[in-house]
Amino acid sequence: MAVVRGTLDMDWPSPHVRELNDAVRALLGLDDDTAVRIRPLFYGDVGRPPLETVVEVLPMDGEAHRWTLHRPAEQVTENELRATLPQRRPS
């Protein structure tokens with residue numbers, strides 16, 4: 001199955017995705033120099049809704065980390081993030 005980029009509406013990131021971003025920062029104890037990116041992953045035809053959500057942590061110095069949650073971002077909960085992410089900042 002090929003991965004294709006879809007188009008996002010003008011409301012991206014949604015308030016829920018911003019809350020997830022804040023939750024990732026809090027759960028991992030990230031500093032302001034570390035970027036957190038939450039993005040949808042689309043499969044198949046353009047225009048179809050995202051099926052998965054990718055969470056990326058990109059420190060200024062050090063290795064990037066990536067997790068994939070198998071549901072659209074709007075359905076991801078803070079509890080799922082807590083279960084998926086490590087209990088401390090990735091090294």
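Side chains included, hydrogens not; waters and symmetry mates left out as well; all remaining heavy atoms used. Here the structure is a predicted model, which means the values were calculated and not measured.
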Value rounded to 0.5 Å, distance of CZ in Arg39 from OG1 in Thr53: 10.0 Å
Smallest separation among heavy atoms of Ala73 and Leu20, with atom names: O-CD1, 3.6 Å
N/O donor-acceptor pair under 3.5 Å between His16 side chain and Gln75 backbone: no
Atom of Ala64, atom of Pro59 and distance for their closest heavy-atom approach: CA-CD, 4.1 Å
Side-chain heavy-atom pair Val24, Val55 within 4.5 angstrom cut-off: yes
Partner residues of Thr84 under the side-chain contact (heavy atoms from CB on, under 4.5 Å) criterion, sequence neighbours left out: Trp67, Leu69
Asn21: side-chain contact (heavy atoms from CB on, under 4.5 Å) partners, not counting sequence neighbours: Arg25, Val36, Ile38
Min side-chain heavy-atom separation Ser14-Glu74 under 4.5 Å: yes
Contact list for residues 76-87, test salt bridge (charged side-chain N to carboxylate O under 4.0 Å, His left out), sequence neighbours left out: Arg71-Glu80, Glu78-Arg82
Residue pair Val76, Leu81: steps toward the side-chain contact (heavy atoms from CB on, under 4.5 Å) verdict: CA-CA 8 Å; Val76 172; Leu81 288 175; 4.2 Å; yes
Heavy-atom closest contact (Glu63 atom, His65 atom, distance): O-CD2, 3.2 Å
